[in-house]
Structures are given as structure tokens and as C-alpha cells.
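Worksheet for the structure shown next.
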Amino acid sequence: WPQGFEGNMQIGRSPPLSSDKASTHFPILRQETGVDYSDMVFFDDCNWGDHCANVERRCRGVVAQRTPNGLTIDDWNRALVEYSKR
């Protein structure tokens, strides 16, 4: 852990990540893995914002599927259908 860490970390929001997945999560994933956005699928269970629209708009090629009730088989299949269209 970094020096000075006192144990209060928010998963997905602690630096270098932020709540804006399009500006942190996805660019870091692409850089560190070499996987193009067009080869990524994003499932998001957020009920208070639309991270999917933001990611699709700013990270062209990512297939994003909202899962407000958790990941269901229907959600999974919808995302795979959209992915297969690309």
C-alpha cells in the first residue's frame, strides 16, 4: 500500500481510478493490456447514473450493457448479440 494509506479505499474510485470510468478505467485497461476498445464489453450495475452511455460515447467501440438488477442471463446475451454485430 502507498505510504500514508490508512485503510479507507473506495474500489474503483481510488487513484488512479475515478468514478468517471471513461477517463480512467478504460484508457488504463487499453494501455496495460493492449486490448482495443472494440474488443471490450462493459457490464454496469449502477442505478444512479448512466456509466454505459458515457463509456460508449467516449471510448468508441466498447459494448456497454446496463445491469441494474445484477448481471442476468438476458443481460449477458444482449451484450453478446451487440458484440457480435461489430
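Position 1 is the first residue of the sequence, and the numbers go up from there. None of these values were measured; they are calculated from a predicted model.
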Closest heavy-atom contact between Pro27 and Thr24?
CD-O, 3.4 Å
Might you point out which heavy atoms bring Gly49 and Arg66 nearest each other, and give the distance in Å?
O-NH2, 3.4 Å
Shortest non-hydrogen separation from Ala22 to Cys59 and the atoms involved:
O-SG, 3.5 Å
Identify whether Val62 and Val41 are in the same connected component of the hydrophobic contact network (ILVMFWY, side-chain heavy atoms under 4.5 Å).
no
One should read off an interatomic distance between Gln65 CD and Thr72 OG1, to the nearest 0.5 angstrom, of 7.5 Å
Between atom CG of Asn69 and atom CG of Asn47, what is the distance when rounded to the nearest 0.5 Å?
7.0 Å
Can you say whether the rings of Phe43 and Trp76 are parallel (under 30°), tilted (30 to 60°) or perpendicular (over 60°)?
parallel
Working to the nearest 0.5 angstrom, can you tell me the gap between Leu29 CG and Asp36 CG?
12.5 Å
Mind running salt bridge (charged side-chain N to carboxylate O under 4.0 Å, His left out) on Lys21 and Asp44 for me, showing each step along the way?
CA-CA 10 Å; Lys21 290 149 183 33; Asp44 187 41; 5.4 Å; no
Would you kindly confirm whether Val63 and Leu80 end up in one hydrophobic cluster when ILVMFWY residues are joined by side chain heavy atoms under 4.5 Å apart?
yes
Full working for side-chain contact (heavy atoms from CB on, under 4.5 Å) between Asn54 and Arg57:
CA-CA 5 Å; Asn54 189 36; Arg57 182 175 55 257; 3.2 Å; yes
Arg60 NZ/CZ over Tyr37 ring centroid, <6.0 Å and within 45° of normal:
no
Give me each pair satisfying salt bridge (Lys or Arg N to Asp or Glu O under 4.0 Å) with a member in residues 75-86, each pair once, sequence neighbours excluded.
Asp75-Arg78, Glu82-Lys85
Before you tell me yes or no, could you show the steps for Val55 and His25 under side-chain contact (heavy atoms from CB on, under 4.5 Å), namely the whole-Å CA-CA distance, both residues' side-chain angles and the distance that decides it to 0.1 Å?
CA-CA 10 Å; Val55 167; His25 292 64; over 6 Å; no
If hydrophobic clusters are built from ILVMFWY residues whose side chains come within less than 4.5 Å, do Phe42 and Leu71 share one?
no
Would a 4.5 Å heavy-atom cut-off, applied to side chains only, mark Val35 and Met40 as touching?
yes
